[in-house]
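Note that the coordinates shown come from a computational prediction; the quantities given were computed from them, not determined experimentally. Every chain is numbered from 1, with letters handed out A, B, ... down the list of sequences.
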Amino acid sequence: MLNSGKYLVVITGPTAVGKTAVAIQLAKIWNSEIISADSRQFYSEMTIGTAKPDQHQLDEVKHHFIGQLSIHDYYNVSRFETEALELLDKLFEKHNLVFMVGGSGLYIDAVCRGIDDFPDPEPEYRNYLKGIYIDEGLAKLQEMLVKLDPEYYATVDINNPNRLLRALEVCHVTGKKFSDQRLNSSKKRGFQIIKIGLNLPRPELFSRIGLRVDQMIENKLVEEVKSLLPFRHLNALNTVGYKEIFEYLDSKITLEQAIINIKTSTRRYAKRQLTWFHRTDEYKWFEPSQLNEITNYLTMVCK
RNA sequence: GGUGUCGUAGCUCAGUUGGUAGAGCAACGGACUGAAAAUCCGUGUGUCACUGGUUCAAUUCCAGUCGACACCA
C-alpha cells in the first residue's frame, strides 16, 4: 500500500557542515522527529569525537539511533535498514514528514533504496579469512575469489581487502556465488523520499572543521578516548578523532600533531562523503543558512 | 670575522659521473551493497636560493652574493 502523503526527508552533507542544527529547525517546524543516519553516533561510548547533538538539542526534538548501541555490539547496514524501516512505519502513523539526518551515505541508501539480503556473517570464518590475509597477503585472497566467483572478481576492486573478504565470506556462508546474489536492485518503499544536501564553499567548510576539532579538544576528547583505550581494537573505534588520539596516548606523536592529524583526516572524510553524495543527482543542494529556502522547498514538494 | 655543511614540490628529503628532476606525506580527483568516520584507486602541482663564468648544453662543475646550521675565533 503506497502511502503517498508520507515523506521521508533526507538531510545530508559533509561532516561539520551544520546538518544537526538545520534538521532540528525543520523537525520543529513540522513538529516531527529525527532519525540519525550516522554510523558512529550509534555508539553510546562515543560522544565528543562524533559530535553528537547535545542534550539541549536532544530535548528539543526526539532523536532516534543516537547512542542506542555499545561499541561492543556488532552492527551493520542491513540491521539499520530493517530497524529504520520499522521505526518509520511507526513514525508515519503520527507524522506526514519524518527527517533522516546524517553523513553515512551507505546507511542512507540502505533505507532509501534497500540492500540485498544476505545471511549474517560468521565471525569465525571472517577471522579465518583475516588470518589468511595477514599471513599470506592480498594475492591469496584474490586467488581464492577468482576460483569461487570469477564474475565478481572481474568487476571488484581487487586491491581492496574489505571487498575481497566480504565476497569470500558470502560465498562461504551461502554456498553460492556472491555475484549471483548481489542484485543491486531498488526496493519500493511505502513513502516518498525527498533528498536535501547541505554544503558550503570548501574554505568555509574546512574552517568549520578546524574549529569543531578544537572544540572537541576543549570538551575533553582526550579523556573520552583515554577511557576507551582498552577497546581500541574494536571496529567502532577505527574512527577519525579516536585513532589519532590513540597515537598521542601511545606517545608516538604530540597532542599538537594529533590535532593537526584529526583535522586532516576529517577534511579527507568530508571529501569522500561529497564524492558519495554526488554519485547521483537526486539531491537538492542548499547552504545550511538557507533555512527559509529549504522550508519553502519542502512545502512546495510535500503536497 | 674564519672554516665547513646545506639551500630541489605545500612539508620532509632523494637524485642527476653535465642532456631542465622523483619518493613519502599533504593537496586534488575518483570508486565503494553487512567494517562505510571503514577500505581502496588515480593525479606531480617545480625559476632545482640568486647573479655571473666554463660548456653545444648547468639544477649538477667553478666564482661571487644572500640565507640556514655547525664548529673555530
Can we say Asp214(A) and Lys263(A) salt-bridge, meaning some charged N sits less than 4.0 Å from an Asp/Glu carboxylate O?
yes
Asn159(A), nearest nucleotide to its side chain (from C32(B), A31(B), C40(B)):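 Given the options C32(B), A31(B), C40(B), the side chain of Asn159(A) is closest to C40(B).
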Taking the side chain of Asp157(A) as heavy atoms from C-beta outward, which of A26(B), C28(B), C40(B) is closest to it?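 Minimum distance to the Asp157(A) side chain belongs to C40(B).
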Atom pair distance, as rounded to whole Å: [atom1] in [X] and [atom2] in [N]:
X	N	atom1	atom2	value
Asp38(A)	A38(B)	CG	P	12 Å
Leu145(A)	C40(B)	CG	P	17 Å
Arg267(A)	G10(B)	CZ	C1'	12 Å
Lys243(A)	A38(B)	NZ	C1'	7 Å
Arg272(A)	A31(B)	CZ	P	14 Å
Trp276(A)	A31(B)	CH2	C1'	10 Å
Asp117(A)	G34(B)	CG	C1'	11 Å
Glu83(A)	G34(B)	CD	C1'	13 Å

| said: Taking 4.0 Å as the cut-off, does a side-chain nitrogen or oxygen of Asn160(A) come that near to OP1 or OP2 on A38(B)? | reply: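 For Asn160(A), the contact criterion (side-chain N or O under 4.0 Å from OP1 or OP2 of A38(B)) is not met.
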Problem - Side-chain N or O of Arg166(A) closer than 4.0 Å to phosphate OP1/OP2 of G34(B) - result: yes
Write down the distance separating the [atom1] atoms in [N] and [M], rounded off to the nearest Å.
N	M	atom1	result
U8(B)	A23(B)	C1'	13 Å
G24(B)	A9(B)	C1'	12 Å
U51(B)	U59(B)	C1'	15 Å
G7(B)	C13(B)	P	10 Å
G10(B)	G44(B)	P	16 Å
G19(B)	C32(B)	C1'	45 Å
A26(B)	A21(B)	P	25 Å
C62(B)	U5(B)	P	11 Å

Does [N] have a Watson-Crick or wobble mate here (both distances under 3.5 Å), and if so which one?
N	result
A27(B)	U43(B)
U54(B)	none
A21(B)	none
A9(B)	none
C71(B)	G2(B)

For Phe178(A) together with Phe118(A), are the ring centres under 6.0 Å from each other? yes
Margin query: Is the ring pair Phe191(A)/Phe92(A) parallel, tilted or perpendicular, if the boundaries are 30 and 60 degrees?
Written below: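 Tilted.
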>> Check for me whether Arg279(A) meets the cation-pi criterion with Trp276(A), that is, NZ or CZ under 6.0 Å from the six-membered ring centre and within 45 degrees of the ring axis.
In response: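 That pair qualifies as a cation-pi contact.
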Ring of Tyr152(A), cation from Arg163(A) - is the NZ or CZ under 6.0 Å from the centre and inside 45° of the axis?
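Not flagged: Arg163(A) not positioned over aromatic ring of Tyr152(A).
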Margin query: So for Asn162(A) and U39(B), does any side-chain atom that can act as donor or acceptor lie under 3.5 Å from a complementary atom in the base?
Written below: no
For Tyr74(A), answer base if it contacts any base atom (sugar-phosphate contacts may also be present), sugar-phosphate if it contacts only those atoms, and nothing otherwise; contact means non-hydrogen atoms under 4.0 Å. sugar-phosphate
- Phe80(A) and Phe42(A): CA distance, side-chain angles, deciding distance, ring pair (Phe, Tyr, Trp, His ring centres under 6.0 Å) verdict: CA-CA 10 Å; Phe80(A) 181 71; Phe42(A) 294 157; 5.4 Å; yes
| message | Test side-chain contact (heavy atoms from CB on, under 4.5 Å) on Met216(A) and Ile262(A); report intermediate values, then the result. | response | CA-CA 11 Å; Met216(A) 286 177 179; Ile262(A) 294 173; 5.6 Å; no
